[in-house]
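Have a look at the structure below before the remarks.
Along the sequence shown, the residues carry numbers beginning at 1. All values reported here derive from a predicted model rather than from experimental measurement. Note: hydrogens, waters and symmetry copies are ignored here, and every other heavy atom, side chains too, is used.
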Amino acid sequence: MNFATFIAIVLVAIIVDFFWLDIENKRWDWLKNRSVSQQVLFFAFFLGASMVLYYVFGYKFLN
């Protein structure tokens with residue numbers, strides 16, 4: 001799986017979970033009370049951490 005596909009899968013999974021699967025507000029309720037800039041910062045950090053882990057584990061185990 002290439003890097004762009006991985007990023008697309010992570011983004012789609014987060015968006016689907018945030019807007020569709022979390023009907024009862026059990027997982028993301030703490031984040032919905034934050035400002036938009038804090039939400040964007042959280043998701044940017046999450047995506048950045050995912051990219052770093054993908055690169056580290058992919059480089060070590062897939063090559």
Side-chain angles (χ1 to χ4, degrees):
M1 174 183 333
N2 68 16
F3 190 68
T5 306
F6 169 75
I7 296 300
I9 289 171
V10 169
L11 284 175
V12 168
I14 291 172
I15 290 170
V16 166
D17 187 44
F18 187 75
F19 289 112
W20 187 40
L21 297 178
D22 191 23
I23 296 170
E24 298 173 357
N25 294 326
K26 290 185 177 180
R27 287 184 299 275
W28 296 106
D29 190 41
W30 63 273
L31 187 62
K32 289 183 180 177
N33 297 329
R34 306 286 185 216
S35 69
V36 174
S37 62
Q38 289 175 332
Q39 290 178 1
V40 169
L41 184 63
F42 172 77
F43 286 121
F45 176 76
F46 187 83
L47 186 61
S50 297
M51 288 188 296
V52 168
L53 289 173
Y54 175 80
Y55 179 75
V56 169
F57 289 132
Y59 182 76
K60 182 176 181 181
F61 294 112
L62 298 177
N63 290 331

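Each side chain to side chain donor-acceptor pair (under 3.5 Å) pair with one or both residues in residues 35-44, not counting sequence neighbours, appears once here: S35-S37.
Heavy atoms of other residues, nucleotides or ligands lying less than 6.0 angstrom from CZ of F42 number more than 12.
Listed by chain and residue number, I14, F18, W28, L31 satisfy the side chain to side chain contact (heavy atoms under 4.5 Å, CB included) test with F43 (two or more places apart in sequence, or in another chain). Residues satisfying the side chain to side chain contact (heavy atoms under 4.5 Å, CB included) test with L11, not counting sequence neighbours, are I7, L47.
Membership of the apolar cluster around V40 extends to V36, as traced through chained side-chain contacts below 4.5 Å between ILVMFWY residues.
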